[in-house]
Amino acid sequence: MEYDHKKIEKKWQQLWEQNKTNEVDLDAAKKPFYNLMMFPYPSAEGLHVGNMYAFVHSDAYGRFMRLQGYDVFEPIGLDGFGIHAENYAIKIGEHIRDVSMRTEANYYRQLKMIGNQYAWSHKVETYKENYYKWTQWLFLKMYERGLAYRKKSLVNWCSKCKTVLSDEQIIGGECERCDTETEKKEMKQWFFKITDYAERLHRNLEGIDWSEDVKIIQRNWIGRKVGAEVNFDVHVGGLKGKVGGKVDELNIFTTRPDTLFGVTFMVICPEHALINTYKSKIKNYEEVLDYLNNIKNKSDIERTDLNKDKNGVRIDGLVVVNPINKKRVPVFVADYVLPNYGTGAIMAVPAHDERDFEFAKKYGLEIVEVVSSTGRMEEKELVVAYSENGISINSDLLDGLKTKDAKEKIINWLKESNLGKEKINYRLRDWCVSRQRYWGPPIPMIKCEACGWIPVSEEQLPVRLPEMDDFLPDGKGKGPLNKIDDFVQVDCPKCQGDARRETDVSDPFVDSSWYYLRFLCTEFERKPLDKERLEKWMPINMYIGGKEHSVLHLLYSRFVAMVMCDIGYLKEEEPFKQFRAHGLIVRDGAKMSKSKGNVVNPDEYIKVYGADTVRMYLMFVGDMRQGGDWRDTGVRGMYRFVKKVYTLLGRVAPLDQLADRGEDDDFKRLLHKTIDGVKRDMENLKYNTAISKLMVLTSKMQELGCTRDELGDLVVMLVPFAPHLAEEMWESLKLVKDKGVLDQLWPEFDPSLAIEKVMELVLQVNGKIKAKVEVLPDIMEHEAQKVALENPKIKGVIGDKKVIKMIFVPGKLLNIVI
RNA sequence: GCCGAUGUGGUGAAAUUGGUAAACACGCACGACUCAAAAUCGUGUGUCGCAAGACUUGUGGGUUCGAUUCCCACCAUCGGCACCA
């Protein structure tokens with residue numbers, strides 16, 4: 001019996017498709033289990049081994065759950081809209097539509113080849129009308145609730161991709177897609193108000209079962225900070241002499257309201273409205289304007305360079321009064337204060353903030369210490385800002401209070417005097433969803449001169465993405481659709497007058513923010529989602545995917561699910577009950593890259609060794625969370641194993657013909673320990689050790705032979721890893737069962753058969769192993785001591801030294817301390 | 001700078017609550033089969049040592065009868081954030 005993977009895998013893949021083995025009746029399912037993997041954004045190179053790595057791990061889990069009796073729904077689709085695909089099409093000079101059709105075919109071919117139990121009848125492609133129609137619907141829902149809005153603000157601009165991008169798509173200052181350094185531009189764009197959900201997004205992280213590191217990344221990105229908002233009065237005048245009346249208020253956010261007595265100046269950002277409002281009162285307006293212009297000309301990198309000197313300009317003519325001690329302090333404009341965090345203005349406490357300290361030193365400003373570690377004034381002069389918590393000093397009512405208590409007291413004081421309040425601030429900013437590109441869903445909005453922005457009505461969806469030959473972005477701030485008059489010109493839905501369509505398309509991350517909901521509802525043509533379906537199947541039981549989406553897809557999806565929950569489509573606001581991030585797969589210790597030419601092409605390996613071998617190798621190469629190191633020799637080793645398993649069919653015999661299977665059945669013990677151990681490993685996604693346990697069992701079966709039922713147990717356990725092989729062997733075994741191997745239940749574990757009859761007791765002296773003896777597993781402490789002290793080796797080590805004590809660990813060891 | 005992860009043989013990696021470090025696999029060596037090779041099977045394989053034995057989980061400390069595991073300090077690599085008040 002030669003193992004012919006080509007024949008076997010083809011045969012079963014065809015049978016699965018014919019018999020719809022992997023389809024689930026979503027309505028009839030009794031024990032729903034939604035097993036999701038991040039659907040790929042297809043590239044022309046085809047399925048990367050990195051995708052494959054994630055997919056087979058996810059599939060193994062789904063198959064395992066099926067063996068636990070669940071109705072597992074495992075959908076797949078393509079996230080095909082987007083800049084990535086479009087850029088590639090531009091590069092090779094073909095139309096994106098043609099390229100997409102080609103990559104689609106290629107992807108589905110490859111995805112079928114790896115043998116995952118996909119519910120093919122539920123596939124979605126984000127770039128098909130029957131999908132993006134509903135992405136547009138989602139936009140309308142957002143708009144209805146005031147969660148989609150237009151605003152002019154500083155946005156990220158990629159000069160190579162010629163579009164704006166969201167904050168989440170800027171990775172270390174570079175475009176997520178093309179690694180070009182991005183710049184800030186002031187533009188009017190569509191945003192989703194994710195900041196309205198900041199608190200819920202932050203709070204819920206507590207209760208969801210996700211990889212801890214991903215939760216931390218999200219938490220940091222959301223950046224929740226508890227502090228206070230304080231209102232300072234702004235007056236016209238100078239620091240000395242007469243001062244005019246209050247003309248305005250300057251609101252600031254601080255996380256250290258307890259340092260209010262230490263405020264010696266204020267700083268506003270260059271974009272702050274105060275400057276323009278009081279330009280006639282500002283004595284050195286020219287100088288201020290010079291400074292602002294100077295900053296405008298600086299690039300982003302220059303402006304945010306941390307090593308750069310802090311500089312700014314005093315706004316002469318305005319002063320601010322500290323509400324707590326009525327002290328007049330100067331106001332500066334400086335670019336170390338950011339326009340898009342807090343209120344764009346700060347109270348400067350140089351003694352307790354590094355940046356303020358640096359600024360104060362440079363401009364010779366007063367530094368007043370109001371916190372110290374001891375609660376007493378420090379003897380020596382401050383050389384660095386003391387930004388830790390401590391005890392308040394020089395702070396009147398706060399003196400002697402610990403930072404935590406001082407904060408609380410001052411916030412109460414602010415509230416009572418109506419000068420401020422507790423305030424929670426987030427780093428998270430709204431999600432910019434406009435893209436000045438072609439390959440995406442047109443944003444379904446119409447601009448009428450008379451009526452303003454009017455949403456396209458739901459019945460009019462989809463707003464079809466028009467065919468166009470020249471789909472290249474021009475970089476002038478409008479999408480390519482702007483070139484098509486037929487598309488742009490439209491009657492206003494309200495007044496029937498002349499109006500223009502929005503020509504930007506939406507961010508591809510909008511597409512992927514809800515695909516998992518659509519998977520459950522693909523057969524509904526007239527509605528995007530079916531509430532019953534969602535109630536039955538959501539939230540997703542297990543989601544496996546890459547860490548690179550920690551903030552991006554995983555954050556956006558949570559936000560969109562919350563909105564869907566608020567609208568009433570979902571019962572629970574968190575879409576992914578469990579999420580596990582997988583690691584990166586490298587090759588021979590180095591990152592795979594096209595330029596290095598070390599990219600693993602899964603097709604080749606599947607051709608030579610078969611999908612089962614490649615699947616198993618990917619799961620054996622290391623812990624899923626850590627990723628793995630691809631080695632060709634390792635794949636060959638796995639191939640050896642797969643073949644070895646297959647040859648076990650020739651080792652099947654009736655029990656009485658098997659040698660070495662006496663009363664005390666060691667083999668039976670191993671089998672049951674394996675059944676138990678592999679199950680535990682699978683539950684914890686420790687596939688590598690699960691496989692190693694199966695290898696041990698396989699070797700033993702090969703050595704001793706096994707019964708039909710025993711091999712059947714192994715074959716069932718192999719299903720998650722090597723489904724084709726399992727099917728083939730199951731068929732050969734001709735076991736009388738009413739269902740195929742994919743729908744068997746996990747072999748039953750009998751703990752009584754797994755009990756050891758003898759054990760090896762480790763004998764240590766002072767924690768070092770000196771001898772091992774075979775004893776009964778339930779040996780009592782005093783017996784063990786007797787055995788140990790009579791052991792010649794131990795005797796020799798102890799000699800005439802005195803035994804101080806003996807520590808006995810049942811089932812493990814005895815340690816003698818001398 | 002802040003937050004997080006990782007560091008174990010020649011290699012990929014294992015190690016329930018602290019209890020036999022290196023399971024499983026790759027590679028290598030030797031052997032069997034073969035005219036030969038491949039494939040397959042068997043044996044060995046952390047380091048030093050002929051051996052007895054000693055040493056060994058990034059480095060240095062600590063707690064403990066006992067530490068890959070817990071604590072402290074440091075080093076290296078990778079990832080996230082970064083003038084966020």
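This is a predicted model, so every value here is computed, not measured. All chains are named by letter (A, B, ...) in the order of the sequence lines, taking the proteins before the strands, and each is independently numbered beginning at 1.
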Under 4.0 Å between any heavy atoms, over every strand shown, what does Glu760(A) touch: base, sugar-phosphate, or nothing? Just pick one.
-> base

Of all the choices, rG19(B), rA23(B), rU20(B), which nucleotide is nearest to the side chain of Ile769(A) once you look at every atom?
-> rU20(B)

Between rG19(B), rC81(B), rG79(B), which nucleotide has the shortest distance from any of its atoms to the side chain of Lys591(A)?
-> rG79(B)

Could you check which of rG19(B), rC83(B), rC41(B) has an atom nearest any side-chain atom of Gln702(A)?
-> rC41(B)

Under-4.0 Å side-chain N/O to phosphate OP1/OP2 contact, Lys768(A) with rA67(B) = no

Is the closest side-chain donor-acceptor distance between Arg177(A) and Gln169(A) under 3.5 Å?
-> no

When we call it a touch if two heavy atoms are under 4.0 Å apart, what does Arg640(A) touch: a base, just sugar-phosphate, or nothing?
-> sugar-phosphate

Grab the CD-P distance between Gln785(A) and rC65(B) for me, whole Å please.
-> 17 Å

Trp630(A) CH2 - rA25(B) P separation (whole Å) = 19 Å

With the side chain of Asp213(A) defined as its heavy atoms from C-beta on, choose the nearest nucleotide among rG19(B), rG4(B), rC83(B).
-> rG4(B)

rA76(B) versus rG27(B) - spacing of their C1' atoms, nearest Å | 27 Å

Using the six-membered ring of Trp221(A), assess whether NZ or CZ of Arg427(A) lies under 6.0 Å from its centre and within 45 degrees of the ring axis.
-> yes

In whole Å, what is the span from the CD atom of Glu548(A) to the P atom of rC78(B)?
-> 18 Å

In whole Å, what separates the C1' atom of rG9(B) from that of rC55(B)?
-> 14 Å

Base partner of rC50(B), which must satisfy Watson-Crick or wobble distances under 3.5 Å | none

Using whole Å, report how far CG of Asp167(A) lies from P of rG80(B).
-> 16 Å

OP1 or OP2 of rA82(B) less than 4.0 angstrom from a side-chain nitrogen or oxygen of Arg427(A), does that happen here?
-> yes

Distance between P atoms of rG58(B) and rA14(B) (Å, rounded) | 14 Å

Starting from P on rC24(B), measure out to CG on Leu670(A) and report it in whole angstrom.
-> 12 Å

For atom C1', what is the distance between rU34(B) and rA39(B), given to the nearest Å?
-> 11 Å

Glycosidic conformation of rG79(B), taking syn as within 90° of 0 and anti otherwise | anti

Taking atom P in both rG62(B) and rG12(B), compute the distance separating them and give it to the nearest angstrom.
-> 32 Å

Residue Arg631(A), side-chain heavy atoms: nucleotide from rC65(B), rG12(B), rC83(B) that is nearest = rG12(B)

Say whether Asn156(A) and Lys184(A), considering side chains only, have a donor N or O and an acceptor N or O under 3.5 Å apart.
-> yes

If rG7(B) has a Watson-Crick or G-U wobble mate with both distances under 3.5 Å, name it; if not, just say none.
-> rC75(B)

Arg636(A)/Asp632(A) salt bridge by N-O under 4.0 Å criterion = no

Can you figure out which of rC55(B), rA25(B), rA39(B) approaches the side chain of Phe620(A) most closely?
-> rA25(B)

Which one, rU20(B), rC24(B), rC41(B), comes nearest to the side chain of Met695(A)?
-> rC24(B)

Determine the interatomic distance between P on rC2(B) and the same-named atom on rA21(B); round to the nearest Å.
-> 38 Å

Nearest-Å distance once atom P is located in both rC65(B) and rG60(B) | 23 Å

Which part of the nucleic acid, if any, lies within contact of Asp623(A), taking any heavy atom under 4.0 Å across all strands shown: a base, the sugar-phosphate backbone alone, or nothing?
-> sugar-phosphate

rU63(B) - base-pair partner by Watson-Crick or wobble geometry, distances under 3.5 Å | none

Give a yes/no answer on whether the side chain of Asn688(A) brings an N or O atom under 4.0 Å of OP1 or OP2 in rA14(B).
-> yes

Take the protein atom CZ of Arg587(A) and the nucleotide atom P of rG12(B), then report the distance between them rounded to whole Å.
-> 16 Å

Checking all strands, does Leu813(A) fall into the base, sugar-phosphate, or nothing category for heavy-atom contacts under 4.0 angstrom?
-> base

Counter-base of rC2(B), judged by Watson-Crick or G-U geometry with both distances under 3.5 Å = rG80(B)

Look at all strands and tell whether Trp221(A) reaches a base, only sugar-phosphate, or nothing, counting heavy atoms closer than 4.0 Å.
-> sugar-phosphate

Asn815(A), nearest nucleotide to its side chain (from rA13(B), rU40(B), rC65(B)) = rC65(B)

With both distances under 3.5 angstrom, what nucleotide forms a Watson-Crick or G-U wobble pair with rU16(B)?
-> none

Assign each of Gln626(A) and Gly342(A) to its nearest nucleotide of RNA chain B by heavy atoms, then name whichever residue's nucleotide is nearer the 5' end.
-> Gln626(A)

From CG of Leu205(A) across to P of rG80(B) the rounded distance in Å is 19 Å

Could Asp167(A) and Arg429(A) be called an ion pair, given the rule that one side-chain N must be under 4.0 Å from one carboxylate O?
-> yes

If you measure from the Lys or Arg side-chain nitrogens to the Asp or Glu carboxylate oxygens, is any gap between Asp213(A) and Lys215(A) under 4.0 Å?
-> no

Write down the distance between CG (Asp681(A)) and C1' (rA23(B)), rounded to a whole number of angstrom.
-> 12 Å

Below 4.0 angstrom from OP1 or OP2 of rA54(B), is there any side-chain N or O of Lys770(A)?
-> yes

Please work out if Ile171(A) contacts a base, only the sugar-phosphate, or nothing of the nucleic acid, heavy-atom cut-off 4.0 Å.
-> sugar-phosphate

Can you find a side chain N or O atom of Lys310(A) that sits less than 4.0 Å from OP1 or OP2 on rC83(B)?
-> no

Can you see which heavy atom on Ile779(A) is nearest to which on Phe808(A), and at what distance?
-> O-CZ, 3.6 Å

Could you tell me whether Val267(A) contacts a base, only the sugar-phosphate backbone, or nothing, with contacts defined as non-hydrogen atoms closer than 4.0 Å?
-> nothing

Hey, can you tell me if Tyr556(A) and Trp431(A) have their rings parallel, tilted or perpendicular (30° and 60° cut-offs)?
-> parallel

Taking the six-membered ring for Trp and the single ring otherwise, decide whether the centroids of Phe359(A) and Tyr336(A) are under 6.0 Å apart.
-> yes

Side-chain N or O of Lys686(A) closer than 4.0 Å to phosphate OP1/OP2 of rA15(B) = yes

On RNA chain B, more 5' by nearest nucleotide between Lys643(A) and Val621(A) is Val621(A)

Thr689(A) versus Asp681(A), side-chain donor and acceptor atoms under 3.5 Å = yes

Quick one: label Gln764(A) by what it contacts on the DNA or RNA (base, sugar-phosphate, nothing), any heavy atom closer than 4.0 Å.
-> base

Which is true for Lys772(A) with a 4.0 Å heavy-atom rule: it touches a base, it touches only sugar-phosphate, or it touches nothing?
-> base

Span that lies between the C1' atom of rG61(B) and that of rA13(B), in whole angstrom | 29 Å

Which listed nucleotide (rU20(B), rG53(B), rC26(B)) is nearest to the side chain of Thr633(A)?
-> rC26(B)

pair_partner(rC30(B)), Watson-Crick or wobble, both distances < 3.5 Å, evaluates to rG42(B)

